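To start, the structure itself, in structure tokens.
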Number of protein chains: 2
Amino acid sequence: MEQEITISEEKIIEAARNVFHRKGFDGARMQEIADEAGINKAMLHYYFRSKDQLFEAVFKEALGRIFPMLLSILMSDEPIEENLKKFIPAYIDTIKKHPYLPGFVLHEMTRNPERLTNMVRSVGVASAPPKILQQLQKGMDEGRYIAIAPEQILVSVLAACIFPFVAKPMVKVALGMDDEKFDQFINQRKEQLPEFLLNGIKKK
Amino acid sequence: MEQEITISEEKIIEAARNVFHRKGFDGARMQEIADEAGINKAMLHYYFRSKDQLFEAVFKEALGRIFPMLLSILMSDEPIEENLKKFIPAYIDTIKKHPYLPGFVLHEMTRNPERLTNMVRSVGVASAPPKILQQLQKGMDEGRYIAIAPEQILVSVLAACIFPFVAKPMVKVALGMDDEKFDQFINQRKEQLPEFLLNGIKKK
DNA sequence: ATTTGAATTAACTATTTGGTTAACACACCT
DNA sequence: AGGTGTGTTAACCAAATAGTTAATTCAAAT
């Protein structure tokens, strides 16, 4: 019965991830998580004392899946061109594996912004100024890029990667897609987005 | 006591809007809405039979506040240049007045995609192919725009407008902003976004 | 074989919460 | 002044739900 510990705990986390990601903290039910994991509800409390702590585990896992790669975009020393061409497709691929994750994180951040503030403070992220901002600034100073606040560009890049997943139902209805078409749309996006965004910052 | 009807009903809708927009259906509490409206909880049921119907009213109101303007972007006959330069700032202004609205709508759509499908079907939106897509296609055929699927551009434009509000807590932390700085950021965005996006589709 | 202790379960508890109801208030009409 | 009906409230109810507990199973140590 040694392996069972990790097996049960893993089943719980996986089920909790599914439910929390789709329904958020308020919409999630402990019973539903237990059912999805195929175990008794008391087990959830046996391994994770409370709904709050189970949620905390899922939420931290979620942050761990988006932010490291995000940081590597922000902090890369590479020229922006290579940086974006490499990381945008990789980032979209990462999100594709957990399509509900961005919406989940954004919704829970809106519900409780202090959590993020505290986490950032407790982890002690010194939050150095992103190098990509400096790169953009340099390109502008040299007259290669158009004059737009680097922060605006940065947010636009993130928006372009993340938004389609957050707005999937809307996009599907607006453009008349089924799930397969939507998947093709995302794959196409991986290819075309770097070109579009880079073209956006370059001077004519 | 004639005027009281509309006054109470208006107070309820306003309170419900505040609470639903911030917390979503699952996180909202009828008692909290009643408190925020400063009236008895039974009044909510007196005017709107159930939580579901109260939510429905708020949700439809929300759709009514985003989609008409969205449609006018999609369906405009104007050249894209003028279209975007005019509507992006106007759209951002609209969202600024109800900053929690986009996140609310997106979250509730994820929670229950059928609702949207049914609404669209029931309203009988024939969902004609957006003219802006044709405009983009034409520009590409004429060699003025770079070769990128018009749908990708369209989603990027929407993403650029909407995402900052959905991700406000994240943006604030990542870029070290307080609420005032964030507001300035949005105002700056209104000015710079059309330029950036138009530059993105134009050939060198 | 017996004991031990962690893993697991069914049944239970306390609280929250959407919804109801019966009484009350009060403007309006006659 | 008295009756009528809508608006409003406090108290209540039933269902849902997070969390608890006591009993059970079972692998591993003795």
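Values in this document were obtained by computation on a predicted structure and should not be read as measured data. Quick note on labels: first sequence line is chain A, next is B, and so on, each numbered from 1.
With B:Phe20 as the partner, the ring pair (Phe, Tyr, Trp, His ring centres under 6.0 Å) test is satisfied by one option alone out of B:Phe59, B:Phe55, B:Tyr100: B:Phe55.
When heavy atoms are screened at a 4.0 angstrom cut-off, A:Ala28 is found touching the sugar-phosphate backbone but no base atom.
Between the CG atom of A:Asp26 and the C1' atom of C:dG18 there is a distance of 15 Å, given to the nearest Å. One can place CD1 of A:Ile12 at 15 Å from C1' of D:dA18, the figure rounded to the nearest angstrom. Atom pair B:Lys23:NZ and C:dT17:P shows a separation of 10 Å (rounding to whole Å applied). When the P atom of D:dG19 is taken as reference, atom OH of A:Tyr47 falls 18 Å away, rounded to whole Å. Rounded to a whole Å, the NZ atom of A:Lys51 is 14 Å from the P atom of C:dT16. Atom P of nucleotide D:dG19 and atom CZ of A:Phe48 are separated by 14 Å, given to the nearest angstrom. Distance B:Tyr46 OH to D:dT8 C1': 9 Å, rounded to the nearest Å. The separation between B:Gln31 atom CD and C:dG19 atom P is 13 Å, rounded to whole Å.
Comparing D:dG19, D:dT9, C:dG18 by their nearest atom to the side chain of A:His45 picks out D:dG19. Candidate nucleotides C:dG19, D:dA18, D:dT9 were compared by shortest atom distance to the side chain of A:Met30, and D:dA18 ranks first.
Proximity of B:Arg49 to the phosphate of C:dG19: no side-chain N or O atom is located under 4.0 Å from OP1 or OP2. At C:dG18, one or more side-chain N or O atoms of B:Arg29 fall inside 4.0 Å of OP1 or OP2 (strictly under the cut-off). Contact between the side-chain N/O atoms of B:Ser8 and the OP1/OP2 oxygens of D:dT8 is found at a separation under 4.0 Å.
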Identify every side-chain donor-acceptor pair in residues 154-171 of chain B under 3.5 Å, counting partners at least two apart or on other chains, and give the distances.
| residue | atom | partner | partner atom | Å |
| --- | --- | --- | --- | --- |
| B:Ser156 | OG | A:Arg189 | NH2 | 2.9 |
| B:Ser156 | OG | B:Gln152 | O | 2.7 |
| B:Lys168 | NZ | B:Asp179 | OD1 | 3.3 |

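To the nearest 0.5 angstrom, B:Arg17 atom CZ is 7.0 Å from B:Ile13 atom CD1. Considering CE of B:Met140 and CD1 of B:Ile153, their distance stands at 4.0 Å, rounded to 0.5 Å. In this structure, the separation between NE2 on A:His21 and NE2 on A:His98 is 7.5 Å, given to the nearest 0.5 Å.
Under the 3.5 Å distance criterion, the side-chain polar atoms of A:Lys51 are matched with a main-chain donor or acceptor of A:Ala28. Within the 3.5 Å criterion, the main-chain N or O of B:Phe25 finds a donor-acceptor partner in the side chain of B:Glu108.
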What's touching nucleotides 10-13 of chain C from the protein side, N or O pairs under 3.5 Å?
| residue | atom | partner | partner atom | Å |
| --- | --- | --- | --- | --- |
| C:dA10 | OP2 | A:Asn40 | ND2 | 3.1 |
| C:dA10 | N7 | A:Asn40 | ND2 | 3.3 |

